[in-house]
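Structure record follows, encoded as structure tokens.
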Amino acid sequence: MKKHLVPLLLLTLLAGCDMLGIESPEKLAATREADGKAIGGACRHAGRAIEDCYALNKKADRAAVFAGWREMNDYMRENKIDEVHPQLAGAAPAAKSSEEADGERAEKPPAKGREAKARDKAKAHES
């Protein structure tokens, strides 16, 4: 009777490892690959080039990002889906060329130092 109790107890303890939150290397690899595919698909849907996607997500697995990007590209072509550009105020359009960005930088006035800003603020309050 006791011979059967020990293996049964060990099986019960080993079955509970998933409940403890201990992740196996296979599960971690599957999660990492799924995350990379999701990142790649989102980048393609947003109209980003694969190189931009790699640059924005340096920690993601490149092969998984490319697989997700390619899958989304095929899906969008088959179903004739247009790209959805980001709507956030801080997000710059992906299609902007470096020449346009250089031109915008040249048009902006140089930034003022703290002391100059403080002087301007004090003058504004005096008048």
Side-chain angles (χ1 to χ4, degrees):
M1 176 94 170
K2 289 186 179 184
K3 291 181 183 179
H4 299 290
L5 188 59
V6 173
L8 189 60
L9 182 61
L10 287 174
L11 284 175
T12 306
L13 289 174
L14 290 175
C17 285
D18 289 338
M19 292 180 197
L20 295 175
I22 302 171
E23 295 184 2
S24 66
E26 294 86 15
K27 190 173 181 182
L28 288 173
T31 302
R32 186 174 172 108
E33 184 175 350
D35 287 345
K37 282 187 173 185
I39 289 169
C43 282
R44 175 60 187 103
H45 193 250
R48 288 199 170 98
I50 189 70
E51 295 84 11
D52 295 340
C53 195
Y54 291 150
L56 291 171
N57 303 286
K58 294 180 183 187
K59 292 185 178 180
D61 182 26
R62 284 182 157 217
V65 170
F66 178 72
W69 192 93
R70 188 183 62 218
E71 286 175 11
M72 181 59 82
N73 186 51
D74 295 343
Y75 179 80
M76 289 174 70
R77 283 186 182 191
E78 288 173 7
N79 296 306
K80 299 177 183 164
I81 298 173
D82 293 331
E83 299 166 347
V84 178
H85 297 287
Q87 298 296 317
L88 296 175
K96 191 179 269 190
S97 70
S98 61
E99 294 171 4
E100 291 175 359
D102 290 340
E104 288 179 10
R105 282 188 218 125
E107 293 174 10
K108 291 182 182 178
K112 291 184 177 181
R114 282 186 183 172
E115 295 169 3
K117 286 181 181 179
R119 270 187 263 127
D120 291 343
K121 194 173 184 179
K123 287 180 183 177
H125 285 286
E126 289 176 4
S127 47

Looking only at non-hydrogen atoms, find the nearest pair between M72 and H45 and report the distance. CG-N, 4.1 Å
Correct closest heavy-atom pair for C53 and G40 would be SG-CA, 4.3 Å
Roughly how far apart are I50 CD1 and C43 SG, rounded to 0.5 Å? 7.0 Å
Where do E83 and R48 land on the salt bridge (charged side-chain N to carboxylate O under 4.0 Å, His left out) test, with the steps shown first? CA-CA 9 Å; E83 299 166 347; R48 288 199 170 98; over 6 Å; no
How close do A49 and W69 get, heavy atom to heavy atom, and via which atoms? C-NE1, 4.3 Å
Once you round to the nearest 0.5 Å, how far does CE of M76 lie from CG of D82? 7.0 Å
If you look at every heavy atom in A64 and E33, which pair is closest and at what distance? CB-O, 3.6 Å
In this structure, CG of D35 is separated from NZ of K59 (nearest 0.5 Å) by 13.0 Å
Can you check side chain to side chain contact (heavy atoms under 4.5 Å, CB included) on F66 and R70, steps first, answer last? CA-CA 6 Å; F66 178 72; R70 188 183 62 218; 3.4 Å; yes
CZ of R44 to CG of N73: how many Å apart, nearest 0.5 Å? 4.5 Å
From CD (E26) to CG (L28), nearest 0.5 Å: 9.0 Å
